[in-house]
Number of protein chains: 2
Amino acid sequence: MDTARKRNTAREESLEVILHHAEQIFAEFGFKGATMQAIADASGLPKANLHYYFPTKLALYREVIERIFTIWLEAANSFDTSANPREALTRYIRKKMEISRAHPCGSKVWANEVIQGAPIIQDYLQTTLNEWTDTRIRVINRWVAEGKIATVDSRHLLYMIWATTQHYADFQHQVVTLNGGKRLNDAQWDAATKNVTEIILKGIGA
Amino acid sequence: MDTARKRNTAREESLEVILHHAEQIFAEFGFKGATMQAIADASGLPKANLHYYFPTKLALYREVIERIFTIWLEAANSFDTSANPREALTRYIRKKMEISRAHPCGSKVWANEVIQGAPIIQDYLQTTLNEWTDTRIRVINRWVAEGKIATVDSRHLLYMIWATTQHYADFQHQVVTLNGGKRLNDAQWDAATKNVTEIILKGIGA
DNA sequence: GTCTATAGAATGATAGAC
DNA sequence: GTCTATCATTCTATAGAC
């Protein structure tokens, strides 16, 4: 491995470590509540190193948010517009539940951001998310028109899927507390996914 | 009005003004992000007055959280355990949607708190909420046993109702943005409530 | 690239006059 | 009860040695 490659690797590793821990700290304390010191401590680095890689706290936060949005858009692709309602929605809900389990902190940062009026990600909402939502609404409306599902408001159906699946990440602490303080195990995650999928599919007559 | 009464009234009015604006500021910026200065400015009072009524920022926050929890428990009562599934759930969902519309900031403060691991309200989750949840789970399980609704996991059904109804408060900003920047009007709130109610009732075969 | 030390600004809380 | 002034602390960000 040459020195240039070594430098790049070191840089990428530091970036990865910082971003990973920043996501957790931002999720736990919110943007303002998170401190560069706390992120530095969690990352095992002196505070000044964070400012070497990210000029400001806001720039670091932006990176964290963008990573989450990318993961979120992946799930969006699993909503295959060519499939039938049962297939498309089953796959989409399962993927969303998997993300809630694998990336709860990312979901929490996103939720925190939206709750506080999306000061940073407003442009994503107005462009990418808005466009994606429109395409899926058209698909659902077509299903309704073709009689493949009952007459539902497609927009509110999407909100229901988002809300229900993200609840297991954002309200993880409440879910765990009401589960006797224990994290959901594999079987419980399966049960949750199955339950959500069945109620929604049955609820829209798919 | 005697002077004692006048003093009480003045005190109660100040408390009400402070708590009202504190709820909005805490919802918008989170616990740490909210500043006593911002709450004071919103309330039209000097900062020191807040510390006259509430010794610390944390004490003020606690009061805000407790008010929300009280409203939340009111809705809980609308889940009449003696009614049939259709009636009980229709009334509960409608009440929850009304609260999301009337008290979005309260819901946001609660959501923020839970997302961040419920450092302040942990005891509410473990006692009052846990007990309330258990009684409702028993009711839903009885409905299942009596064949009044399909076989569903009652706990996850509750989570679905909470998540979906609170989404309209917590993710208000996203909902509004995807609605072309306009707040939902009466008809849209009705449509949302009707849609949520119908999908869930149909989904559980009620 | 990594670290120590510190500047500069903002914040929670209080003292004390009115 | 209300207000001004201020202290003590904490935090972001940077300077500069290594």
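Residue numbers start from 1 in every chain, and the chains themselves are labelled A, B, ... in the order their sequence lines are given, proteins ahead of strands. Fair warning: this is a prediction, and the values are worked out from it, not measured in the lab.
- Within the nucleic acid shown, A:Phe54 has no heavy atom closer than 4.0 Å to any nucleic acid atom.
- If you take CG of B:Leu50 and P of C:dT14, they are 13 Å apart, rounded to a whole angstrom.
- If you take CG on B:Leu19 and CD on B:Glu12, they are separated by 12.0 Å, rounding to the nearest 0.5 Å.
- In this structure, CE of B:Met36 is placed 19 Å from P of D:dT9, rounded to the nearest angstrom.
- Regarding A:Phe26, its CZ atom lies at a distance of 12 Å from the C1' atom of D:dT12, rounded to whole Å.
- Each of A:Tyr52 and A:Lys47 was assigned the nucleotide of DNA chain C with the nearest heavy atom; the assignment lying further toward the 5' end belongs to A:Tyr52.
- As a whole-Å value, the separation of A:Leu45 CG from C:dG1 C1' is 11 Å.
- The nearest heavy atom of DNA chain D to B:Ser14 and to B:Lys32 marks one nucleotide each, and the one closer to the 5' end goes with B:Ser14.
- Judged by the 6.0 Å distance and 45° axis criteria, B:Lys57 is positioned over the aromatic ring of B:Phe31.
- Neither side chain, B:His173 nor A:Gln116, offers a donor N or O lying under 3.5 Å from an acceptor on the other.
- Distances shorter than 4.0 Å separate some side-chain N or O of A:Asn49 from OP1 or OP2 on C:dC3.
- The side chain of B:Arg11 sits closest to D:dG1 out of C:dC3, C:dT2, D:dG1.
- Following rounding to the nearest Å, A:Glu13 (CD) and C:dT2 (C1') show an atom-to-atom distance of 15 Å.
- Between A:Lys57 atom NZ and D:dT12 atom P the separation is 4 Å, expressed in whole Å.
- Between B:His21 and B:Phe26, the ring centre distance reaches or exceeds 6.0 Å.
- Rounded to a whole Å, the CD atom of B:Gln37 is 12 Å from the C1' atom of C:dA13.
- The line from CG of B:Asn77 to OH of B:Tyr92 is 10.5 Å long, rounded to the nearest 0.5 Å.
- Backbone-only engagement by A:Ala34 is indicated by non-hydrogen atom pairs under 4.0 Å involving sugar-phosphate atoms exclusively.
- Distance NE2 (A:His51) to P (D:dC11): 12 Å, rounded to an integer number of Å.
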